[in-house]
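What follows is a set of notes on a single structure, which appears directly below.
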Amino acid sequence: MGFLIAIIIIVVLIVLIIASCVKIVPQANAFVVERLGAYQGTWEVGLHFKMPFIDRVAKRVLLKE
């Protein structure tokens, strides 16, 4: 019984980590992405995937005038 609970907890953690790696950049926005603290790139509008624990969205830039 304890083994089953441990497996369920591990699966839930993996699903949460994967879900946090999917980013959708809305229209009129851009995301600045850093990898290990250094500039990696700028994400434009659309669906993007980041590396867990390595990449981070450093800034969300509004492009509206």
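Position 1 is the first residue of the sequence; numbering continues from there.
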Side-chain donor-acceptor contacts of residues 57-65 below 3.5 Å, not counting sequence neighbours, with atom names and distances?
none

For this session: Answer yes or no: is there a side-chain heavy-atom contact under 4.5 Å between Glu34 and Gln40?
Result: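 No, their side chains stay 4.5 Å or more apart.
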For this session: Answer yes or no: is there a side-chain heavy-atom contact under 4.5 Å between Phe31 and Thr42?
Result: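 The answer is no; the side chains never approach within 4.5 Å.
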Identify every side-chain donor-acceptor pair in residues 5-30 under 3.5 Å, counting partners at least two apart or on other chains, and give the distances.
from, atom 1, to, atom 2, distance (Å)
Ser20, OG, Ile17, O, 2.8
Asn29, ND2, Gln27, O, 3.2

In a table with atom names and distances, give each donor-acceptor pair under 3.5 Å that connects a side chain of residues 46-54 to protein atoms at least two apart or in another chain.
from, atom 1, to, atom 2, distance (Å)
His48, NE2, Glu44, O, 2.9
Lys50, NZ, Asp55, O, 3.4

